[in-house]
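So the structure is just underneath, and the comments pick up after that.
In what follows, every heavy atom counts, from backbone to side chain, and hydrogens, waters and symmetry copies are set aside.
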Amino acid sequence: MKKVAVFGNTGGGKSTLSKRLSEITGLPLYPLDKIQYQSGGAEVPNEEYKHTHEKILATDRWIIDGFGCLETLWLRLNEADTLVFVDLPLYVHFWWVTKRLITGKFIPPEGWPQKSPILKSSINSYRVLWLCHKYLTPRYREYVDRAQNTKSVYHIRSTEEISQFFESMVQMTNDC
């Protein structure tokens with residue numbers, strides 16, 4: 001495990017999972033929201049984002065958390081040796097977006113740039129939830145099914161599996 005892509009629908013706890021995985025493994029963490037957006041929520045120019053993404057992919061150790069854009073998503077998934085697909089039931093994603101909206105007024109969400117517009121971003125997350133679930137999640141599922149032959153794949157389908165994933169990662173690092 002040297003190049004890890006953590007991906008899935010919005011509000012699935014990817015940033016929190018990625019941060020904990022980075023702590024367990026010692027791999028450097030790159031949250032895409034902090035690369036794609038500036039403090040305050042303004043988007044970085046697309047070419048600048050893609051250049052930064054490309055530089056990260058060229059390194060030999062990383063955890064990349066998030067979506068970015070379709071173009072960089074598939075490059076990242078192909079380059080990764082380990083895939084962590086957070087595929088929780090839609091109601092969990094919906095609840096966690098709502099929870100992030102409420103708590104985000106007091107505590108900045110994990111992996112987000114400083115001073116991100118919580119309300120605007122949360123409203124966008126609700127829209128993305130449905131679009132991702134309908135169009136992208138089926139493609140993710142097909143991709144991880146095929147990738148199991150060539151990569152380490154962790155397809156997380158429940159909150160219980162998140163805990164089991166961490167336990168297996170701690171065990172794996174203890175065994176090394």
Side-chain angles (χ1 to χ4, degrees), residues 1-37 44 46-90 92-93 96 109-113 125 128-129 131-176:
M1 179 183 288
K2 293 185 180 192
K3 297 180 177 185
V4 183
V6 180
F7 60 103
N9 205 339
T10 188
K14 296 180 302 294
S15 295
T16 303
L17 182 147
S18 297
K19 181 181 177 190
R20 179 75 178 112
L21 183 59
S22 176
E23 292 166 354
I24 292 168
T25 63
L27 292 169
L29 173 60
Y30 300 95
L32 289 180
D33 284 344
K34 287 187 176 180
I35 295 166
Q36 194 173 18
Y37 298 95
V44 169
N46 195 42
E47 289 306 313
E48 182 180 328
Y49 159 74
K50 290 192 308 188
H51 178 71
T52 302
H53 184 269
E54 189 176 295
K55 284 173 51 178
I56 296 166
L57 289 185
T59 65
D60 59 352
R61 300 179 69 228
W62 42 259
I63 297 172
I64 301 177
D65 151 43
F67 176 72
C69 67
L70 272 176
E71 181 182 350
T72 60
L73 166 71
W74 301 114
L75 292 172
R76 180 171 57 260
L77 297 185
N78 289 335
E79 185 67 27
D81 59 39
T82 305
L83 303 175
V84 181
F85 174 29
V86 180
D87 186 16
L88 304 175
L90 192 58
V92 174
H93 289 271
W96 285 359
E110 194 76 54
W112 283 26
S125 289
V128 168
L129 267 171
L131 292 172
C132 183
H133 180 71
K134 184 172 182 179
Y135 299 108
L136 200 49
T137 299
R139 291 178 66 192
Y140 285 155
R141 290 175 180 154
E142 289 173 18
Y143 187 90
V144 297
D145 283 345
R146 287 191 315 269
Q148 290 185 44
N149 299 325
T150 58
K151 302 175 184 287
S152 295
V153 174
Y154 300 90
H155 187 167
I156 298 173
R157 296 176 183 92
S158 69
T159 55
E160 294 81 20
E161 287 183 15
I162 294 172
S163 299
Q164 293 167 359
F165 171 74
F166 287 137
E167 289 172 18
S168 69
M169 291 300 105
V170 168
Q171 185 63 43
M172 186 173 70
T173 58
N174 289 341
D175 290 344
C176 293

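Residues that satisfy the side chain to side chain donor-acceptor pair (under 3.5 Å) test with E79, not counting sequence neighbours, are K3. With sequence neighbours excluded, the residues satisfying salt bridge (Lys or Arg N to Asp or Glu O under 4.0 Å) with E71 are K50. Judged as a side chain to side chain donor-acceptor pair (under 3.5 Å), and not counting sequence neighbours, S18 has no contacts. Remark: V92 engages L88, P89, W96, T159 in a side chain to side chain contact (heavy atoms under 4.5 Å, CB included) (not counting sequence neighbours). Y49 is linked by a side chain to side chain donor-acceptor pair (under 3.5 Å) to T72, counting only residues two or more places apart in sequence or in another chain. Judged as a ring-ring contact (aromatic ring centres under 6.0 Å, His included), and not counting sequence neighbours, the contacts of Y154 are F165. In this structure, the ring-ring contact (aromatic ring centres under 6.0 Å, His included) partners of Y143, at least two apart in sequence or on a different chain, are W74.
If you take CG on L73 and CZ on F7, they are separated by 7.5 Å, rounding to the nearest 0.5 Å. Once rounded to the nearest 0.5 Å, the distance linking CD1 of I63 with CZ of R20 reads 11.5 Å.
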Review item, side-chain donor-acceptor pairs of residues 53-60, under 3.5 Å, at least two apart:
unit_1, atom_1, unit_2, atom_2, d
H53, NE2, R76, NH1, 2.6
T59, OG1, I56, O, 2.6

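Identified under the salt bridge (charged side-chain N to carboxylate O under 4.0 Å, His left out) test for residues 148-171, with sequence neighbours left out: none. Sorted by first then second residue, the salt bridge (charged side-chain N to carboxylate O under 4.0 Å, His left out) pairs that include residues 81-90, not counting sequence neighbours, are D87-R141.
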